[in-house]
Amino acid sequence: MRYENNGVEIQYRECQILRDAAKELLANGENADSLVNQRDRWIQAIRDTAEKSEAKRKFALPAAQFLSGMREEYLDAVAEYTVSLVKKGKGIDIMVPFFASNNRLVLPVNTHAPVWDGDREAQTTERD
């Protein structure tokens, strides 16, 4: 995840992990406020995912770290988006912006665009 002009850009795999970790926390039909209030449990569920799956670890650990330091307004938007994914069930629409009720944007992307440091030969991404 990373910030992008009043919003958050989330990779597809991170969206899956956020959704799956939130499912049990939202089992009784709670809303985004409930998920925000359970931030620590949500983060722990993401870390548990990292421990159980080597393939998901490289996405789960940064997502948990990002959520733990996220400002409240962005956390509210990500929680609202995650609740919409849980309600939807399957499928994540890549590059379809989600505007949260607090006017923050959540943009699911396939992968983050490369970050250029001025040297085109030394291309890196934010996650590298």
Side-chain angles (χ1 to χ4, degrees):
M1 284 187 249
R2 65 182 180 190
Y3 293 104
E4 293 288 337
N5 298 328
N6 287 333
V8 179
E9 182 180 278
I10 307 175
Q11 292 187 95
Y12 176 81
R13 299 286 290 171
E14 293 170 330
C15 291
Q16 290 176 317
I17 290 165
L18 292 173
R19 178 193 61 205
D20 294 345
K23 279 181 184 176
E24 288 185 28
L25 300 176
L26 299 171
N28 295 323
E30 290 95 354
N31 58 20
D33 291 334
S34 173
L35 193 54
V36 169
N37 291 334
Q38 298 182 72
R39 177 190 224 168
D40 292 338
R41 290 182 64 210
W42 190 19
I43 291 168
Q44 186 57 52
I46 293 169
R47 287 189 176 129
D48 292 346
T49 298
E51 289 179 22
K52 293 175 188 172
S53 171
E54 181 71 34
K56 293 180 181 179
R57 182 172 295 139
K58 82 176 205 177
F59 297 100
L61 291 177
Q65 181 179 1
F66 196 72
L67 274 182
S68 66
M70 188 177 284
R71 292 191 338 230
E72 196 73 24
E73 63 190 292
Y74 292 102
L75 179 63
D76 291 342
V78 171
E80 190 175 327
Y81 173 67
T82 302
V83 168
S84 74
L85 291 178
V86 170
K87 287 180 181 176
K88 185 177 180 183
K90 293 282 185 181
I92 296 166
D93 299 320
I94 301 298
M95 297 302 293
V96 176
F98 176 88
F99 291 95
S101 59
N102 66 0
N103 293 322
R104 295 294 179 247
L105 168 72
V106 176
L107 183 64
V109 297
N110 190 28
T111 60
H112 291 306
V115 176
W116 301 99
D117 64 358
D119 180 6
R120 291 222 179 256
E121 297 297 318
Q123 176 185 350
T124 60
T125 64
E126 190 171 61
R127 291 295 171 102
D128 291 342

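In what follows, residues are counted from 1 in the order of the sequence shown. Computed from a predicted model, the values in this text were never measured in an experiment.
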Between [atom1] of [X] and [atom2] of [Y], what distance do you get to the nearest 0.5 Å?
X	Y	atom1	atom2	answer
Lys52	Arg57	NZ	CZ	12.5 Å
Tyr12	Ile17	OH	CD1	11.0 Å
Leu107	Phe98	CG	CZ	12.5 Å
Ile46	Lys56	CD1	NZ	11.5 Å
Leu67	Thr82	CG	OG1	7.5 Å
Glu51	Thr49	CD	OG1	9.5 Å

Any idea which heavy atoms bring [X] and [Y] closest together, and the distance?
X	Y	value
Ser101	Glu80	OG-OE1, 2.9 Å
Pro108	Cys15	CB-SG, 3.9 Å
Ala50	Leu61	CB-CD2, 3.7 Å

- Do you know which of Leu18, Asp76, Val83, Leu75 makes side chain to side chain contact (heavy atoms under 4.5 Å, CB included) with Leu35?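 The passing option is Val83.
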- Indicate whether any N or O donor in one side chain lies under 3.5 Å from an N or O acceptor in the other, for Arg19 and Gln16.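 No, no side-chain donor-acceptor pair sits under 3.5 Å.
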- Query: Do the side-chain N and O atoms of Asp48 and Gln44 include a donor-acceptor pair separated by under 3.5 angstrom?
  - Reply: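 Gln44 and Asp48 do have a side-chain donor-acceptor pair below 3.5 Å.
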Side chain proximity check, [X] to [Y], heavy atoms < 4.5 angstrom:
X	Y	value
Lys88	Asp93	yes
Gln11	Asn110	no
Glu24	Arg41	no

- Item | Single-linkage hydrophobic cluster Met95~Val78, side-chain heavy atoms < 4.5 angstrom |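 Same cluster.
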- Message: For Leu26 and Lys87: C-alpha separation, side-chain torsions, deciding distance, then whether side-chain contact (heavy atoms from CB on, under 4.5 Å) applies.
- Response: CA-CA 10 Å; Leu26 299 171; Lys87 287 180 181 176; over 6 Å; no
- With sequence neighbours excluded, tell me which residues meet salt bridge (Lys or Arg N to Asp or Glu O under 4.0 Å) with Arg104.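 Partners of Arg104 under the salt bridge (Lys or Arg N to Asp or Glu O under 4.0 Å) test: Glu73.
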- Taking it one step at a time, do Met70 and Arg39 satisfy side-chain contact (heavy atoms from CB on, under 4.5 Å)? CA-CA 10 Å; Met70 188 177 284; Arg39 177 190 224 168; 3.7 Å; yes
- Within residues 31-57 or reaching into it, pairs that qualify as ring pair (Phe, Tyr, Trp, His ring centres under 6.0 Å) - sequence neighbours excluded: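 Output for this query is empty, none listed.
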